[in-house]
Amino acid sequence: MALFRTMAAEGHEAVAFFSDPSVGLRCVIAIHDTTLGPALGGTRMWPYATEAEALTDALRLSKAMTYKAALAGLDLGGGKAVIIGDPARDKTEALLRAYGRAVDSLGGRYITASDVGTTPQDLEIIMQETRWMLGRPRESGGSGDSAPATAYGVLQAMHACADDAFGDPSLSGRTVVIQGFGKVASNLARRLKDEGAELVVAEIASRARDRAAEEFHARIVAPDEIFDVEGDIFAPCALGGVLNDSTIPRLRCRIVAGSANNQLAERADADRLEAAGILYAPDYAINAGGIINLSFELATYEPEIAMARVAKIHDTMAQVIAIAKNERLTTAAAADWLAEARLSAARAMAPRA
Ligand code: NAD
């Protein structure tokens with residue numbers, strides 16, 4: 001990879017590589033943009049097939065964090081760390097502590113949190129070596145599991161979308177079609193049921209699937225059938241890349257609003273959704289509840305105050321819809337425009353060296 005060319009093209013400020021063979025640590029920390037504040041982003045531990053794959057992931061994910069934080073109105077930048085290794089096999093206290101020292105050496109320019117392959121309990125070990133971390137368990141004074149806040153933000157965005165698409169923000173009697181029934185989706189389902197919505201769910205894991213049926217009276221469909229279900233809102237809450245040229249023509253919903261990251265396989269899918277008359281809630285605009293909640297750990301964490309801030313995702317979504325209409329943009333482009341406008345304004349205010 002032509003690393004410096006890629007960094008210049010994508011706007012990355014720094015990429016740091018850390019190695020400690022004595023504990024098996026191989027890690028990349030990418031800092032995308034610190035215009036708005038220190039770069040916040042979780043630590044992903046994954047058995048990447050190649051080092052290049054790990055680097056690409058760190059670069060891509062750190063940039064997405066800059067946009068997510070900017071649009072959420074946080075005074076934080078975007079970063080991401082990836083540790084090469086299998087969390088089930090390779091994660092040890094010694095490795096996590098060596099990783100904590102790596103984070104600490106960046107002096108607060110990067111703040112870590114948990115992500116795929118790392119847990120709030122791992123953060124308690126990392127915390128022995130650095131204070132630059134967020135997302136400790138609730139019982140240790142932290143903000144704990146981010147899924148409830150993420151789900152709450154997605155629900156707020158659904159209200160804003162319903163208001164635009166149906167002229168009524170209420171979700172009572174609406175059918176929400178959910179792909180994946182994990183931590184975020186199950187929290188979302190509880191709130192949707194409380195509001196009187198009907199649920200259709202596809203889930204590959206039998207335990208989660210049974211829970212959806214028994215606890216939430218969801219109609220269960222096979223994983224591949226989920227795109228064909230007639231409903232009001234399609235909520236991708238499993239994987240990225242699920243909205244593409246073969247799935248979009250199958251959708252039978254007026255709105256797409258879910259928590260999964262990177263839902264569009266490619267940029268053109270935003271145009272495909274618009275052409276199909278489907279209102280797309282940009283993923284990073286509406287799944288920011290988790291980092292908004294996390295950011296409140298920077299002061300004393302008060303759940304009510306944090307959730308009140310998460311609720312503002314409703315207004316962000318309404319603003320994205322308004323910009324998309326006024327500027328004749330897709331909602332995905334409107335969200336990028338809004339995030340970039342905030343970054344440009346902050347850059348213009350920054351003192352020049
Ligand atoms: P999770 O792992 O708890 O849930 C994902 C679920 O999707 C699992 O139960 C899995 O079995 C299921 N699944 C996987 N492939 C599937 C398929 N093809 N069809 C049906 N089900 C499938 O994860 P989560 O924390 O609930 O996060 C869900 C999504 O939201 C992820 O994309 C995640 O990156 C994103 N997200 C989560 C948060 C958060 O706070 N947890 C924040 C922002 C974004």
Side-chain angles (χ1 to χ4, degrees), residues 40-46 57 60-61 64-65 67-69 71-72 74 78 80 82 87 113-120 123 134-135 137-138 142-157 177-191 199-213 215-216 218-229 234-244 246-247 250 256-265 281-297 306-307 310 313:
L40 173 65
T43 302
R44 183 164 292 195
M45 185 165 185
W46 191 253
D57 222 20
R60 184 177 61 85
L61 294 166
M65 288 305 292
Y67 277 67
K68 193 183 286 200
L71 196 60
L74 301 176
K80 199 83 184 184
V82 302
S114 62
D115 191 61
V116 176
T118 58
T119 63
L123 288 176
L134 297 173
R138 275 280 175 100
S143 59
D145 180 13
S146 59
T150 303
Y152 186 53
V154 170
L155 182 82
Q156 299 306 317
V177 180
I178 305 178
Q179 182 186 38
F181 206 74
K183 294 184 288 292
V184 176
S186 52
N187 278 281
L188 179 63
R190 163 126 19 252
R191 290 186 179 274
L199 307 180
V200 183
V201 166
E203 165 61 58
I204 53 172
S206 58
R207 238 170 101 183
R209 199 168 53 226
D210 292 348
R211 187 173 170 221
E215 205 175 317
F216 299 94
R219 177 159 75 86
I220 305 296
V221 299
D224 188 53
E225 281 170 28
I226 197 77
F227 302 105
D228 307 308
V229 175
F234 175 54
C237 295
L239 312 162
V242 293
L243 302 171
N244 54 50
S246 63
T247 58
R250 294 167 57 188
V256 172
S259 72
N261 282 311
N262 303 314
Q263 291 169 26
L264 304 177
D283 44 20
Y284 74 84
I286 74 162
N287 71 14
I291 64 157
I292 295 172
N293 188 50
L294 205 58
S295 73
F296 277 80
E297 258 184 57
M307 289 304 245
V310 172
I313 287 178

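Position 1 is the first residue of the sequence, and the numbers go up from there. As the structure lists them, so they are numbered: ligands from 1, and atoms in each ligand from 1. Note that the structure is a prediction, hence the values are computed from the model and not measured. Computation of the quantities below employed the complete heavy-atom set of this structure, encompassing side-chain atoms and omitting hydrogens, waters and symmetry-equivalent molecules.
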* What is the closest protein heavy atom to atom 43 (C) of ligand 1, and at what distance does it sit? -> N287 O, 3.6 Å
* **No-hydrogen, no-angle side-chain donor-acceptor test under 3.5 Å, N261 and N287** => yes
* Asked: Under a 4.0 Å N-O cut-off, is there an ion pair linking D210 with R207?
  -> no
* To do: State whether R190 and E215 are salt-bridged, where the test is any N-O pair (Lys NZ or Arg NE/NH1/NH2 against Asp/Glu carboxylate O) under 4.0 Å.
  => yes
* Looking only at distances, please establish whether an N/O atom of ligand 1 is found under 3.5 Å from an N/O atom of G290. => no
* Quick check: does any side chain N or O of T247 sit under 3.5 Å from a backbone N or O of V242, one acting as donor and the other as acceptor? -> yes
* Asked: Counting from 1, what ligand 1 atoms have a heavy atom of L239 closer than 4.0 Å?
  -> 15 (N), 18 (N)
* Structure fact -> protein heavy-atom neighbour closest to atom 4 (O) of ligand 1 works out as G182 CA, 3.2 Å
* To do: Using distance alone, decide if ligand 1 has a nitrogen or oxygen within less than 3.5 Å of any nitrogen or oxygen in N261.
  => yes
* **Heteroatom distance test (V184, ligand 1): nitrogen or oxygen, under 3.5 angstrom** => yes
* **A147 neighbourhood, listing ligand 1 atoms whose heavy-atom distance to it stays under 4.0 Å** => 40 (O)
* Under the side-chain contact (heavy atoms from CB on, under 4.5 Å) rule, what do L294 and S143 come out as? Steps first, then yes or no, please. => CA-CA 6 Å; L294 205 58; S143 59; 3.7 Å; yes
* To do: Could you tell me whether some N/O pair between S146 and ligand 1 is separated by less than 3.5 angstrom?
  => yes
* Indicate, as side chain, backbone, both or neither, the part of T150 found under 4.0 angstrom from ligand 1 when only non-hydrogen atoms are considered. => side chain
* Structure fact -> for atom 9 (O) of ligand 1, nearest protein heavy atom and its distance come out as E203 OE1, 2.9 Å
* Does K80 come within less than 4.0 Å of D115, counting only side-chain N to carboxylate O? -> yes
* In the protein, which heavy atom is nearest to atom 19 (N) of ligand 1, and how far is it? -> I204 CG2, 3.9 Å
* To do: Pick whichever of S259, A202, A238 has a heavy atom sitting closest to atom 16 (C) of ligand 1.
  => A238
* List the closest protein heavy-atom neighbour of atom 5 (C) of ligand 1: residue, atom name, distance to the nearest 0.1 Å. => C237 O, 3.8 Å
* Asked: What protein heavy atom is closest to atom 25 (O) of ligand 1, reported as residue, atom name and distance in Å?
  -> K183 CE, 3.5 Å
* Please tell me if the side chains of Q179 and C237 come closer than 4.5 Å, counting only heavy atoms from C-beta onward. => no
* Asked: Does the pair D224/R250 count as a salt bridge with the N-to-O cut at 4.0 Å?
  -> yes
* Look at the side chain of R209 and the backbone N and O of E203, then say whether any donor-acceptor pair between them is shorter than 3.5 Å. => yes
